[in-house]
2 protein chains.
Amino acid sequence: MGKIKILIADDEPDILDFLKYNLEKEDYQVFTTIDGEQAFNIAKSEQPDLVILDIMMPKLDGVEVCRMIRNDIVLKDTLVAFLTARNEDYSQIAGFEVGADDYITKPIRPRVFIARVKALIKRKSIDTSTEDILQVGDLIVDSSRRIVKVKNEVIELPKKEFEFLVLLASKPGRVFTRDEIYFKIWGDEVIVSERTLDVYVRKIREKIGEGFIKTVKGIGYKLDF
Amino acid sequence: MGKIKILIADDEPDILDFLKYNLEKEDYQVFTTIDGEQAFNIAKSEQPDLVILDIMMPKLDGVEVCRMIRNDIVLKDTLVAFLTARNEDYSQIAGFEVGADDYITKPIRPRVFIARVKALIKRKSIDTSTEDILQVGDLIVDSSRRIVKVKNEVIELPKKEFEFLVLLASKPGRVFTRDEIYFKIWGDEVIVSERTLDVYVRKIREKIGEGFIKTVKGIGYKLDF
DNA sequence: ATGATTTATTAATGTTAAGTTAAGAATTTA
DNA sequence: TAAATTCTTAACTTAACATTAATAAATCAT
């Protein structure tokens, strides 16, 4: 997984350098430009995760760049944050109308700024990471709703049972070794007894039916398909 | 869902035909008129999604029509765009003062024009979809009125309780993690205690009934449906 | 077949997350 | 500014979930 890309557009080189320095220290890949037109071009070519725009810029102002990003099929879900002077109320409204994700007010405090950027990026990853629905034969595993369906009947599983089933369902048919399962569900810190896994298998089978999880003796388990 | 309605008012029949032709090709329903007075009448009767007004028109000019639309209880949220000659600076200002949503400068380039119209309409649909009325089973959450209805009984909730319920109702069934909820309701700056959220859940359940908000232990909450 | 090995089952016990209540701050409203 | 409402915390309880332990059943190897 490559670095997270951030594009900053501001006509004041000092601010540009300052933000770039702080972001690079946090291991982000930073692109900078001083005009709005170029900002959009870089956005198109680099597809950054986050674009930070000053409102006032030569050629194209921040609000307009944001609008262009929102109208671009590839870029439309890109995070956009505006840089704005405190009390610059008009721009606040205009920015949200074109779909800004956040406002960052000047003067910029580095630690607050970084926290904000991290929060934004985390928010995005939450939004997009929870959309997958897995289907294996009669079994449907819906991660965002945390439910399992067997023949249109909704079944709710406790946390670990659900995680275990998601793991198996992520690669139907593939055998997961006991060790692998322990590692992926419990992590390498927690050590539980040898028989714990069997208990989970029993409970899940009770709830979703006996046919799905298949024991591969001496190895582990798999989801039949 | 019917076609999107667009009303165009301009005193030059050539422009009217030209715009009508281009918009109908994109499957919009187009109404035209050459004077401002009639423009307002058609707006009243058809309630178009977008009104495109020439500034200079017989009887009533565009700015005045726009003002009337903005003062009309039914029409006040209608999108209004002005047609204006490039460099017609005065009107630009007057138009925004009366609440124009966009400017379209003559001469008109068809592709640019259509892109602009689409962008406007999309923007509106985004704006209004957030103040939508959400219905989940017996529960109705009306964001614009800030009320909740359960079986026709109106319930008013305090700010935070309401925001929390709106969040859950925005994606019924989807599980929101506790962290996500804290982040979205309180922001990343404010940190409240671990149990605060539970208290809100209790209060909302007391008011709207026990059946709606479902706990997903170890993860968060969701709105059942 | 039979003993060894691996997995299954069940009930009990431990642990953690969420629920509850009341009280005091902080706001808003009159 | 007093009153009322809303927000937050703290301490405690409850319920749900996770894990273990003990025993049974299945599978494998010789």
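Reckoned from all heavy atoms, side chains included, excluding hydrogens, waters and symmetry mates. Residue numbers begin at 1 in each chain, while the letters A, B, ... track the order of the sequences. No experiment lies behind these values; they were computed from the predicted model shown.
- Side-chain atoms of A:Tyr182 do not come within 3.5 Å of backbone N or O of A:Thr177 as any donor-acceptor pair.
- Listed by residue number, there are no residues of residues 153-166 of chain A with a heavy-atom contact under 4.0 Å to DNA chain C.
- Nucleotides of DNA chain D with any atom under 4.0 Å from a heavy atom of chain A span, from 5' to 3', D:dC17 to D:dT27.
- Ionic pairing of A:Arg178 and A:Asp198 is present here: one or more N-O contacts between side-chain nitrogen and carboxylate oxygen are shorter than 4.0 angstrom.
- Scanning for side-chain contact (heavy atoms from CB on, under 4.5 Å) contacts around A:Asp224 gives A:Lys214, A:Lys222, with sequence neighbours left out.
- Side chain of B:Asp49 to main chain of B:Lys5: a donor-acceptor pair is present (N/O by atom type, distance under 3.5 Å, no hydrogens or angles).
- Annotation: side-chain contact (heavy atoms from CB on, under 4.5 Å) contacts of A:Ile140 (sequence neighbours excluded): A:Ile133, A:Gln135, A:Lys149.
- The nearest heavy atom of DNA chain D to B:Ser193 and to B:Lys217 marks one nucleotide each, and the one closer to the 5' end goes with B:Ser193.
- Between the side chain of A:Arg145 and the backbone N or O of B:Pro172, at least one donor-acceptor pair lies under 3.5 Å.
- Taking every nucleotide of DNA chain C with any atom under 4.0 Å from a non-hydrogen atom of chain B, the first and last of them, 5' to 3', are C:dA17 to C:dT21.
- Atom CD of A:Glu206 has more than 12 neighbouring heavy atoms from other residues, nucleotides or ligands inside a 6.0 Å radius.
- Closest heavy-atom contact between A:Leu53 and A:Gly62: CD1-O, 3.4 Å.
- Comparing the end axes of the helix from C:dA1-D:dT30 to C:dA30-D:dT1, each fitted to five base pairs by superposing C1' atoms of four pairs onto the next four, gives an inter-axis angle of 40° (nearest 10 degrees).
- The backbone N or O of A:Ala169 sits nowhere less than 3.5 Å from a side-chain atom of A:Arg174 that would complete a donor-acceptor pair.
- Within 6.0 Å of CD in B:Glu156 there are 12 or fewer heavy atoms belonging to other residues, nucleotides or ligands.
- Between the B:Arg205 side chain and the B:Ile213 main chain, a donor and an acceptor come within less than 3.5 Å of each other.
- Heavy-atom distances to DNA chain C give each of B:Asp198 and A:Glu206 a nearest nucleotide, and the one nearer the 5′ end belongs to A:Glu206.
- Where B:Ile219 and B:Val199 meet DNA chain C, the nucleotide closest to each residue was compared, and B:Ile219 sits on the side nearer the 5' end.
- Just one of A:Asp17, A:Leu16, A:Thr33 meets the side chain to side chain contact (heavy atoms under 4.5 Å, CB included) condition when paired with A:Asp10; it is A:Leu16.
- Comment: B:Lys203 does not engage B:Glu161 in a salt bridge, judged by the lack of any side-chain N to carboxylate O separation of less than 4.0 angstrom.
- Here B:Thr196 lies in heavy-atom contact (under 4.0 Å) with a base.
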